[in-house]
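The first residue of the sequence shown is numbered 1, and numbering continues consecutively from there. Since this is a predicted model, take the numbers as computed values, not measurements. Just follow the structure's listing: the first ligand is 1, and inside any ligand the first atom is 1.
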Amino acid sequence: MKTEIIKLNPDNIYTEKIDYAANVLKSGGLVAFPTETVYGLGADATNENAVKKIFTAKGRPSDNPLIVHISNKNDVERLVSRIPSSAFRLMDKFWPGPLTLIMEKSRIIPHVITAGLSTVAIRMPSHPVALALIERSGLPVAAPSANTSGKPSPTNAKHVIDDLYGKVDVIIDAGSCGVGLESTVLDITTEPPVILRPGGVTYEQLKEVLGSVDTDPALFSKDFMNATPKSPGMKYKHYSPKAEVIIIKGKSEKVAGRINKMAEELRLNGLKVGILATEQTKALYRDAEIISAGDREHLETIASNLFKALREFDKRGVDVILAESVENSGIGLAIMNRLNKAAGYNIIEV
Ligand code: AMP
Ligand code: MG
């Protein structure tokens with residue numbers, strides 16, 4: 001398939017270019033586009049054949065449902081059969097933005113989107129290009145992350161091109177995404193609502209609005225992933241570079257010592273080692289491919305760079321990535337969720 005790449009400046013969007021991509025969506029094609037979280041791979045959510053093409057292009061298992069993206073809060077009404085009262089407070093506070101809400105679906109949502117579930121996941125993104133594209137198409141747009149299934153999500157158009165060139169109709173290149181991790185997925189069909197995937201909107205922010213919010217036990221342990229999780233995406237190994245990832249967790253002085261020791265042993269075994277460090281710790285390491293994910297005092301910088309760093313290690317041909325951990329609060333909960341899954345829960349406590 002021929003893939004067209006359309007360059008856009010998010011501060012100065014050409015309507016003709018957006019209309020061109022919107023028409024590709026309307027005629028059942030696939031368009032990769034930037035959102036504030038990661039790049040998405042979009043199709044007309046009401047067109048079953050178009051949605052099926054997403055699964056093929058990504059190699060995504062058909063039992064992993066998709067998020068439907070809208071450009072206007074009022075669009076929720078026709079996509080769901082019931083709007084819980086908490087939805088209005090959440091939409092007011094966090095939309096447009098990185099929060100996905102799970103509600104009971106209406107009849108216009110085809111089963112291929114929800115993988116047969118009676119619920120649908122909906123989000124209104126805040127990226128100006130995403131909003132313009134959805135609005136000009138006049139459609140609800142089904143869009144998972146625009147990567148090959150299982151790989152780290154794409155946070156710039158180059159990542160999308162690496163994974164999907166030749167498999168989709170259009171890739172819109174509008175630079176890097178801000179948040180860098182996927183949206184928070186919140187099931188509001190239950191009381192209290194449950195976080196199925198931590199993301200750009202934090203547990204603490206949700207608690208402030210809802211009073212009480214639960215987290216799915218599958219978020220914290222791989223043992224729970226084997227039970228039937230509420231969010232089917234949870235059960236897959238995910239966000240994984242080719243290299244094996246090992247997380248080293250504990251007091252920072254000890255972590256660096258252990259990482260240096262492990263790196264030396266791995267090197268002696270003929271393996272190429274990558275170290276995922278931070279601005280505060282990068283100088284503690286030597287003789288390895290060292291990448292700083294960001295600033296520990298500003299965890300959002302680490303969120304923003306994490307997937308890019310994991311992809312960069314693969315480019316450098318690293319065999320094993322030794323990764324520092326971060327605290328499990330605020331956006332740190334989402335960072336550790338992605339890192340734990342990238343590592344297949346291979347964690348060493350020191
Ligand atoms: P992605 O779009 O690749 O970031 O993945 C979307 C995520 O949303 C997956 O982890 C899905 O399991 C989750 N999701 C989508 N629809 C539903 C739903 N109806 N119920 C629970 N989780 C969902
Ligand atoms: Mg994904």
If we set the cut-off at 4.0 Å for heavy atoms, which region of [X] has an atom near ligand 1: side chain, backbone, both, or neither?
X: Lys105; value: neither
X: Thr114; value: neither
X: Thr119; value: both

Show the nearest heavy-atom pair for residues [X] and [Y], with the distance to one decimal.
X: Pro193; Y: Ser212; value: CD-O, 3.9 Å
X: Trp95; Y: Ile70; value: CZ3-CD1, 3.8 Å
X: Glu312; Y: Arg316; value: OE2-NE, 2.8 Å

Q.
Holding to side chain to side chain contact (heavy atoms under 4.5 Å, CB included), I want the full list of residues that pass it with Thr281, two or more places apart in sequence or in another chain.
A. Ala277, Thr278, Leu284, Tyr285, Arg296, Glu324

Q. Do Tyr39 and Asp173 touch side chain to side chain, with heavy atoms closer than 4.5 Å?
A.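 Counting from C-beta outward, Tyr39 and Asp173 do come under 4.5 Å.
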
(Q) Side chains of Asp92 and Arg89, heavy atoms from C-beta outward: is any pair under 4.5 Å? (A)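 No. Closest side-chain heavy atoms not under 4.5 Å.
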
Would you say [Y] and [X] are linked by a side-chain donor-acceptor pair, where the criterion is simply a distance under 3.5 Å?
X: Arg197; Y: Ser183; value: yes
X: Thr189; Y: Glu104; value: no
X: Ser153; Y: Glu182; value: yes

Q | Selected option - heavy-atom contact closest to atom 16 (N) of ligand 1, from Ala115, Ala121, Ser153 | A | Ala121

Q.
Quick test of your reading of the structure: of Ile102, Thr100, Leu41, Asn64, whose heavy atom lies closest to atom 11 (C) of ligand 1?
A. Asn64

Q. Under 3.5 Å between some N or O of ligand 1 and some N or O of Arg60?
A.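 Min N/O separation from ligand 1 is below 3.5 Å for Arg60.
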
Q. Polar-atom distance check: Glu182 versus ligand 1, any N or O pair below 3.5 Å?
A. no

If you count the atoms of ligand 1 from 1 in the order shown, which ones are under 4.0 Å from a heavy atom of [X]?
X: Leu117; result: 18 (C), 19 (N), 20 (N)
X: Ser145; result: 1 (P), 2 (O), 3 (O)
X: Arg197; result: 1 (P), 4 (O), 5 (O), 6 (C), 7 (C)

Q: Anything under 30° is parallel, anything over 60° is perpendicular, the rest tilted; go ahead and classify Tyr239 against Phe307.
A: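 The rings of Tyr239 and Phe307 lie parallel, inter-plane angle below 30°.
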
Q) Near the Mg ion (ligand 2), which protein N/O/S atoms fall under 2.8 Å? A) Ser145 OG

(Q) Determine whether Lys151 and Asp162 satisfy the following criterion, salt bridge (charged side-chain N to carboxylate O under 4.0 Å, His left out), listing intermediate values before the conclusion. (A) CA-CA 11 Å; Lys151 285 232 248 168; Asp162 286 344; over 6 Å; no

